[in-house]
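To start, the structure itself, in structure tokens.
What's counted below: heavy atoms across the whole structure, side chains too, no hydrogens, waters or symmetry copies.
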Amino acid sequence: MVRRILLGSQLRRLRESRGVTREDAGYSIRASESKISRMELGRVSFKARDVADLLTLYGVTDDAEREPLLNLAKDSSVAGWWHSYNDVLPSWFQTYVGLEGATSQIDTYEVQFVHGLLQTEEYAHAVVSSGHKAKRLSKAEIERRVALRMERQKILFQENSTVLRCVLDEAVLRRPFGGPAVMDKQIQHLIDLSERPNIQLQVVTFDLGGHPAESGAFTVLRFPEPEIPDLVYLEQLTGSLYLDKPEEVAAYGAVLDRLIEDGSLSPRESREHLHKVRQLP
């Protein structure tokens with residue numbers, strides 16, 4: 001998806017710089033104006049032949065200029081690693097996993113669960129199991145979902161790892177998924193991860209009272225490529241919502257910044273608080 005967005009934005013800039021209408025661009029590749037619009041937004045797959053024809057129409061004839069874009073078209077059709085989990089991955093969540101893997105920074109506020117990127121395997125198992133009791137997932141399905149969650153966490157440990165700024169409501173720490181032993185290990189895991197330079201973890205304790213994130217959990221995805229706008233991700237029971245209007249993203253970003261600056265414990269204080277929570281009976 002990220003490759004499609006990048007390619008689409010570059011094709012749009014080329015078309016506009018040449019003064020070509022979407023209708024004329026569509027005619028050149030035997031497609032509709034709406035198809036060109038979807039291509040430029042990165043919402044459909046690309047055929048290398050169509051991209052080649054569009055580049056010709058836009059006057060891009062030099063091989064050195066064409067090759068990177070044609071390679072991007074080919075790469076955009078390659079399935080991501082998460083597609084091997086299609087059997088347990090909801091279609092609406094595939095988009096998120098693909099975007100998550102391309103981020104340079106993730107800002108998030110969680111009110112019910114430890115964020116998926118910070119969960120231990122045992123905690124993830126307890127969360128997945130409890131969340132699907134009505135559906136009665138098989139043991140194999142649960143293990144597959146947990147494996148997917150563990151695979152996603154690699155973005156925090158790879159070269160050029162993603163920066164994660166995570167604010168947790170204290171309710172997350174008090175909700176004993178999996179029982180005391182599982183929670184104790186999970187909280188120690190949070191302490192350990194909070195020492196990593198690319199992870200900033202802060203806690204909103206109960207005694208801090210009200211705070212700016214009254215609307216609930218949210219995630220802001222930020223990308224290194226200027227062509228890809230930052231996104232706000234809101235998860236719902238049977239789907240998800242993406243907000244990409246600059247003013248909407250800015251509003252959520254401001255809430256996260258306020259939580260970090262004066263709505264939660266500092267990273268050091270949060271670490272100390274996690275130690276105290278572990279010592280409670």
Side-chain angles (χ1 to χ4, degrees), residues 93 96-97 100 103 105-133 142 145-146 148-150 152-153 155-156 162-196 198-221 232-237 240-241 252-253 255-281:
F93 196 57
Y96 176 81
V97 176
E100 179 184 70
T103 57
Q105 180 172 316
I106 298 174
D107 295 339
T108 185
Y109 168 65
E110 289 288 346
V111 69
Q112 183 166 350
F113 310 106
V114 170
H115 192 278
L117 294 179
L118 302 177
Q119 294 180 7
T120 64
E121 188 170 347
E122 294 84 357
Y123 180 92
H125 194 283
V127 169
V128 171
S129 300
S130 64
H132 293 84
K133 284 182 178 178
I142 292 173
R145 289 174 185 266
V146 172
L148 168 64
R149 194 161 299 184
M150 297 300 104
R152 285 171 49 206
Q153 296 179 2
I155 65 172
L156 297 179
T162 296
V163 172
L164 176 65
R165 298 197 305 167
C166 179
V167 178
L168 294 178
D169 192 282
E170 182 159 11
V172 172
L173 308 177
R174 305 296 183 178
R175 190 168 287 109
F177 282 104
V182 170
M183 283 303 299
D184 184 71
K185 183 176 179 180
Q186 175 62 70
I187 293 173
Q188 181 59 55
H189 187 58
L190 291 175
I191 294 171
D192 295 340
L193 290 177
S194 71
E195 300 280 1
R196 295 186 59 84
N198 63 315
I199 298 176
Q200 180 177 328
L201 181 64
Q202 294 180 233
V203 177
V204 179
T205 56
F206 292 144
D207 59 5
L208 290 175
H211 56 77
E214 58 186 8
S215 60
F218 64 89
T219 297
V220 182
L221 303 175
V232 173
Y233 171 76
L234 303 174
E235 188 167 316
Q236 301 166 338
L237 182 62
S240 58
L241 179 65
Y252 278 90
V255 168
L256 199 286
D257 288 340
R258 287 171 59 195
L259 278 175
I260 285 175
E261 291 166 7
D262 54 28
S264 62
L265 300 178
S266 70
R268 179 185 59 79
E269 293 169 335
S270 294
R271 194 175 300 115
E272 293 173 353
H273 185 73
L274 289 170
H275 279 293
K276 291 177 182 177
V277 171
R278 281 200 70 205
Q279 295 170 7
L280 293 177

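Within the 4.5 Å cutoff, the side chain of Tyr123 has no heavy atoms near those of the Leu190 side chain. The closest side-chain heavy-atom distance from Ile106 to Val163 is not below 4.5 Å. When side chains are defined from C-beta on, Leu118 counts as touching Leu201, because their heavy atoms get closer than 4.5 Å. For the pair Arg145 and Ile142, the minimum side-chain heavy-atom distance is 4.5 Å or more. Side-chain contact between Leu156 and Ile199 is present, with at least one heavy-atom pair separated by less than 4.5 Å. Looking at heavy atoms from C-beta onward, Phe218 lies in side-chain contact with Val255 at the 4.5 angstrom threshold. Taking 4.5 Å as the limit, every side-chain heavy atom of Thr162 sits out of range of all side-chain heavy atoms of Leu117. For the pair Val182 and His125, the minimum side-chain heavy-atom distance is 4.5 Å or more.
Proximity of a side-chain donor or acceptor of Gln200 to a complementary backbone N or O of Pro267 within less than 3.5 Å is not detected. Not a single donor-acceptor pair under 3.5 Å links the side chain of Thr219 to the backbone N or O of Thr108. Listed for the Gln202 side chain is a donor-acceptor partner under 3.5 Å among the backbone atoms of Ile260. Checking side-chain atoms of Arg271 against main-chain N and O of Ser194 turns up a donor-acceptor pair under 3.5 Å. The backbone N or O of Phe206 lies less than 3.5 Å from a partner atom in the side chain of Glu170, making a donor-acceptor pair. Between the side chain of Arg152 and the backbone N or O of Val97, no donor-acceptor pair lies under 3.5 Å. In this structure, Gln153 contributes its side chain and Thr120 its backbone to no donor-acceptor pair below 3.5 Å. Using modelled atom types, no side-chain atom of Ser129 and backbone atom of Ala126 make a donor-acceptor pair closer than 3.5 Å.
For Tyr233, the ring-ring contact (aromatic ring centres under 6.0 Å, His included) partners two or more places apart in sequence, or in a different chain, are Tyr96, Tyr242.
One finds the CE atom of Met183 at 11.0 Å from the CZ atom of Arg278 (value rounded to the nearest 0.5 Å). Annotation: the span from Leu274 atom CG to Leu173 atom CG amounts to 6.0 Å, rounded to 0.5 Å. For the atom pair CD1 (Ile187) and NZ (Lys276), the distance works out to 14.0 Å, reported to the nearest 0.5 Å.
Smallest separation of non-hydrogen atoms from Glu100 and Thr103: O-OG1, 2.8 Å. Contact between Val204 and Ser264 at its shortest, heavy atoms only, is CG2-CB, 3.7 Å. For the residue pair His115 and Cys166, the shortest heavy atom distance occurs at CB-SG, 4.2 Å. Taking each heavy atom of Leu168 and Val114 in turn, the nearest pair found is CD2-CA, 4.4 Å. In terms of heavy atoms, Ser130 sits closest to Val127 at OG-O, 3.0 Å. In terms of heavy atoms, Ala124 sits closest to Met150 at CB-CE, 4.0 Å.
Between Phe113 and Phe177, the gap from one ring centroid to the other is short of 6.0 Å.
Under a 4.0 Å N-O distance rule, the pair Arg165/Asp257 qualifies as a salt bridge. Between Arg268 and Glu272 there is a salt bridge, since a side-chain N of the basic residue sits under 4.0 Å from a carboxylate O of the acidic one.
Here the rule is side-chain contact (heavy atoms from CB on, under 4.5 Å) with Glu122, and of Gln186, His189, Lys185 only Lys185 fits it.
Side-chain N/O atoms of Gln188 and Asp184 include no donor and acceptor closer than 3.5 Å.
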